[in-house]
S.K.: 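Sharing a structure, written as structure tokens. Questions coming.
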4 protein chains.
Amino acid sequence: MSNNQVVSSVKDTGLVEKRRNQMIKGAIALFKEKGFHRTTTREIARESGFSIGTLYEYIRTKEDVLFLVCDAIYDQVRDRLEASADWQNPSVANLEKVVESFFRLMDDMQEEIIIMYQEVKSLKKKTKEYVLNKERDMVAMLDKMIRASLPQAIAKQDAALIANNIFVQGQMWAFRRWMLQKQFTLEAYIERQMHFLLQSLAIDKV
Amino acid sequence: MSNNQVVSSVKDTGLVEKRRNQMIKGAIALFKEKGFHRTTTREIARESGFSIGTLYEYIRTKEDVLFLVCDAIYDQVRDRLEASADWQNPSVANLEKVVESFFRLMDDMQEEIIIMYQEVKSLKKKTKEYVLNKERDMVAMLDKMIRASLPQAIAKQDAALIANNIFVQGQMWAFRRWMLQKQFTLEAYIERQMHFLLQSLAIDKV
Amino acid sequence: MSNNQVVSSVKDTGLVEKRRNQMIKGAIALFKEKGFHRTTTREIARESGFSIGTLYEYIRTKEDVLFLVCDAIYDQVRDRLEASADWQNPSVANLEKVVESFFRLMDDMQEEIIIMYQEVKSLKKKTKEYVLNKERDMVAMLDKMIRASLPQAIAKQDAALIANNIFVQGQMWAFRRWMLQKQFTLEAYIERQMHFLLQSLAIDKV
Amino acid sequence: MSNNQVVSSVKDTGLVEKRRNQMIKGAIALFKEKGFHRTTTREIARESGFSIGTLYEYIRTKEDVLFLVCDAIYDQVRDRLEASADWQNPSVANLEKVVESFFRLMDDMQEEIIIMYQEVKSLKKKTKEYVLNKERDMVAMLDKMIRASLPQAIAKQDAALIANNIFVQGQMWAFRRWMLQKQFTLEAYIERQMHFLLQSLAIDKV
DNA sequence: CATGAATGAGCTTTCATTCAT
DNA sequence: AATGAATGAAAGCTCATTCAT
């Protein structure tokens with residue numbers, strides 16, 4: 001369903017969704033290549049397959065495109081994360097599965113992740129908060145899973161910290177690829193991070 | 001000594017260094033506020049206390065300013081990190097000290113850290129590599145310290161991974177402050193991260 | 001009867017007239033607020049109660065709307081002016097009545113008058129002439145009335161000049177309201193202008 | 001001295017004045033031809049003899065140009081009006097001289113007058129008021145002259161009304177030239193208007 | 001007849017960079 | 001060495017108009 005944080009002149013919501021998807025796809029391709037600021041609205045229109053006039057029928061400002069892109073990426077990450085494991089039955093095994101899926105997801109969506117974290121800052125306060133809340137939600141999912149999975153009790157803060165660490169280690173695979181991906185295969189990276197994670201939680205490898 | 005990656009028309013190296021320091025200071029203040037792309041060269045000149053013409057006597061392009069800024073921040077981080085502990089006598093205690101200092105440093109220099117990691121992407125390939133090498137160097141320092149400090153042997157890759165984790169956990173204090181700094185004091189953050197670090201390395205708290 | 005200076009794709013003349021009246025009403029409301037140039041065709045369509053596509057079924061260019069508006073205003077002024085007095089029986093008394101009516105009319109239709117005189121210039125030559133001829137006609141009516149009313153003979157040119165003066169004094173009530181309407185009530189304005197008019201024509205107040 | 005209602009990036013006030021004069025001259029030429037809204041900033045720059053970038057060194061928005069133009073025209077009218085007669089020694093003869101000069105001035109500056117009264121409406125409230133105050137001042141000059149010149153006393157309101165009438169009759173020579181200038185020479189126009197003016201004031205022609 | 005999505009020329013404005021003084 | 005006026009490519013955005021449905 002088309003995002004209604006962003007105003008469109010076009011009424012047909014089905015069309016709005018379709019066009020915005022084209023737009024998001026086109027914009028991501030361009031943002032990957034040159035970042036938000038160096039991409040022009042004309043380029044976005046062309047890459048999306050329509051004219052500049054049409055682009056502006058579906059958004060109001062260039063920033064709207066960025067918002068749509070960030071929002072779409074978050075939703076995609078979340079959807080895939082939710083589908084990746086059994087969140088209803090917490091267990092160390094399922095936690096491991098979640099973490100592994102998350103790392104694989106970050107590998108899959110490297111470029112999108114880089115775009116998102118590097119450009120959200122360009123959103124204005126309100127929109128930025130809206131988007132960051134989605135991150136908060138996902139961290140909370142993981143947080144909850146951690147607390148429910150562990151055999152022993154864990155302090156609330158500790159669970160939150162670990163959840164954040166996992167998140168950042170996932171993102172780091174994308175952001176620091178120039179450093180990490182020369183030294184590690186994805187498999188090795190996952191395996192070693194998982195090892196240290198379990199170790200730090202004093203859990204014997206299953 | 002003035003950075004000679006960037007070409008200046010002015011010969012007097014002392015003057016070049018002085019002017020560039022003014023420029024870096026001014027630019028950082030502005031980048032903190034509005035980011036690199038939204039800051040104009042005119043503003044940088046004014047904030048630095050000289051004219052736009054003079055600015056261009058000491059650099060060649062706007063990107064040069066960004067480079068100078070990133071470079072200066074890295075140097076500052078490195079200097080302070082080096083001064084913060086006894087790197088010559090590796091020990092778990094010294095490792096802890098280094099890690100703690102690093103986290104405190106990241107707290108101190110939050111804004112600069114954010115600038116750096118959010119804007120390096122705007123540097124062109126060659127310059128970016130030059131800057132990222134400085135990051136590599138610092139990670140290497142930590143890596144080496146880890147390997148030398150631990151009572152038991154640690155795989156080369158593992159040390160590198162831990163070093164990266166520490167780095168990213170430090171940066172995360174700055175980048176995710178909207179999430180972390182509501183839940184943790186710096187002290188608590190350091191304490192818990194250190195706890196998990198030692199735990200994951202199977203070291204009993206000293 | 002719908003104005004056939006402006007071409008319409010729609011055949012049904014009754015409908016054309018109905019739609020154009022909606023359009024004129026909508027456009028006047030908008031022109032009052034923001035002038036012709038700052039009003040968009042989309043706004044005119046919306047304000048008129050139909051779609052942009054429909055708007056263009058009844059006109060060919062945006063300028064057509066302006067023409068229709070000016071034309072309608074002139075017709076309205078003329079209709080009301082004609083109805084306001086007994087033009088068939090010239091007399092000083094009737095002349096006075098006409099002048100008073102005209103001033104009251106200008107007060108009533110201030111905004112419309114302002115629109116018309118401020119935007120006609122945007123019409124292209126031919127249409128502008130068509131519209132200005134209506135003004136000429138009205139001045140001629142007054143001119144004729146003056147010549148027929150006065151006890152003594154008056155030079156042709158003089159009658160024309162006086163007719164123009166009266167017209168402009170009426171418009172001035174609308175255009176210079178920021179200056180005049182602070183100092184005069186409409187009644188006082190009419191009374192004093194009439195006084196000077198009669199005086200200049202050497203007629204004793206009836 | 002350069003108008004400081006409008007902000008300029010250029011510091012050299014002499015230069016600012018020079019460039020703005022070029023700009024005003026260029027803009028008037030264009031506004032005469034096509035009006036404010038149909039004239040582009042690029043055209044103004046080209047006509048003024050400099051680049052679009054330079055234009056914007058001396059103004060902030062397109063509206064600034066319009067303001068500068070209106071302001072300059074008013075100042076010119078006022079200067080010429082002040083120079084045209086002996087304002088210090090009121091007398092019917094001098095009043096006649098003033099009126100005649102004013103009419104001649106309106107003839108001379110027809111195009112400018114048309115621009116001004118047709119485009120002031122596009123200024124925003126504050127600037128418009130600033131400009132209209134200049135009109136008020138001039139009307140006040142005339143008003144004062146009328147009161148001081150007449151042999152008999154005249155009511156305050158009446159003097160103001162007569163002053164306004166004279167003003168509007170002057171402007172009408174420019175605005176209604178399509179109607180008046182076919183029937184009257186300037187000389188005749190002045191002569192007849194003066195005749196009716198004196199008549200209405202019950203003054204015997206000198 | 002009515003609709004409204006699509007178009008793209010064209011607008012105002014910005015800003016990195018140069019260069020004469 | 002320092003200045004700041006000049007430049008113009010290029011950006012974001014608007015809007016009159018068309019035309020398939």
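In what follows, chains carry the letters A, B, and so on, assigned in the order in which the sequence lines appear, proteins first and then strands, with residues in each chain numbered from 1. If you're wondering where the values come from, they're calculated on a predicted model, not measured in any experiment.
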S.K.: Check every strand shown and say whether Thr61(A) touches a base, only sugar-phosphate, or nothing at a heavy-atom separation below 4.0 Å.
M.R.: sugar-phosphate
S.K.: If you check every side-chain atom of Phe50(B), which of dT3(F), dA5(E), dC13(F) has the closest atom?
M.R.: dT3(F)
S.K.: Could you check if a side-chain atom of Val6(C) sits within less than 4.5 angstrom of a side-chain atom of Arg60(C), using non-hydrogen atoms only?
M.R.: no
S.K.: Look at the side chain of Tyr58(A) and decide which nucleotide, out of dA6(E), dA9(E), dA16(E), has an atom nearest to it.
M.R.: dA6(E)
S.K.: Using a heavy-atom cut-off of 4.0 Å across all strands, would you classify Thr54(C) as base, sugar-phosphate, or nothing?
M.R.: base
S.K.: Could you state the CD1-P distance from Ile59(B) to dA1(F), rounded to the nearest angstrom?
M.R.: 16 Å
S.K.: For dT12(E) and Thr41(D) - does any side-chain N or O of the residue sit under 4.0 Å from the phosphate oxygens OP1/OP2?
M.R.: yes
S.K.: What is the nucleic acid contact for Lys11(C), judged by heavy atoms within less than 4.0 Å: base, sugar-phosphate only, or nothing?
M.R.: sugar-phosphate
S.K.: So Phe67(B) and Thr61(B), do their side chains get closer than 4.5 Å, heavy atoms only?
M.R.: no
S.K.: Could you check whether Arg19(B) gets within reach of a base, just the sugar-phosphate, or nothing at all, counting any heavy atom under 4.0 Å?
M.R.: sugar-phosphate
S.K.: Within a strict 4.5 Å, meaning less than it, do heavy atoms of the Asp71(D) and Lys134(D) side chains meet?
M.R.: yes
S.K.: Return the 5'-most residue of the pair Glu43(D), His37(B) with respect to DNA chain E, ranking by each residue's nearest nucleotide.
M.R.: Glu43(D)
S.K.: So what does Thr40(C) touch, heavy atoms closer than 4.0 Å: a base, only the sugar-phosphate, or nothing?
M.R.: sugar-phosphate
S.K.: Can we say Lys126(C) and Glu63(C) salt-bridge, meaning some charged N sits less than 4.0 Å from an Asp/Glu carboxylate O?
M.R.: no
S.K.: Set out, in order, the CA-CA distance, both residues' side-chain angles and the distance that settles side-chain contact (heavy atoms from CB on, under 4.5 Å) for Glu47(B) and Ile44(B), then state yes or no.
M.R.: CA-CA 5 Å; Glu47(B) 187 80 17; Ile44(B) 296 170; 5.9 Å; no
S.K.: What is the pairing partner of dA20(F), taking Watson-Crick or G-U wobble pairs with both distances under 3.5 Å in any strand?
M.R.: dT3(E)
S.K.: If you draw the axis of the six-membered ring of Phe36(A), does the NZ or CZ of Lys121(A) fall within 45° of it and under 6.0 Å from the ring centre?
M.R.: no
S.K.: Could you pick out which residue, Arg38(C) or Val10(D), lies toward the 5' side of DNA chain F when each is mapped onto its nearest nucleotide?
M.R.: Val10(D)
S.K.: Starting at CZ of Arg46(C) and ending at P of dT3(E), how long is that distance when rounded to a whole Å?
M.R.: 14 Å
S.K.: Would you mind telling me which residue lines up with the more 5' stretch of DNA chain F, Glu57(C) or Arg42(C), judged by nearest nucleotide?
M.R.: Arg42(C)
S.K.: In whole Å, what is the span from the CG atom of Leu66(B) to the P atom of dA16(E)?
M.R.: 13 Å
S.K.: Base, sugar-phosphate alone, or nothing: which one does Ser8(A) contact when heavy atoms must sit under 4.0 Å apart?
M.R.: nothing
S.K.: Side chain of Leu15(A) only, please: which of dT7(F), dA6(E), dA5(F) is the nearest?
M.R.: dA6(E)
S.K.: How close or far is atom C1' of dA2(E) from atom CD of Gln22(C), stated in whole angstroms?
M.R.: 13 Å
S.K.: Round to a whole Å and report the spacing from OH of Tyr56(A) to C1' of dA16(F).
M.R.: 18 Å
S.K.: Output the rounded distance in Å from NZ (Lys62(C)) to P (dA16(F)).
M.R.: 5 Å
S.K.: Given atom CD1 of Ile52(D) and atom P of dC15(E), what is their separation to the nearest angstrom?
M.R.: 15 Å
S.K.: Using atom CG of Leu55(A) as one end and atom P of dC15(F) as the other, report the distance to the nearest whole Å.
M.R.: 16 Å
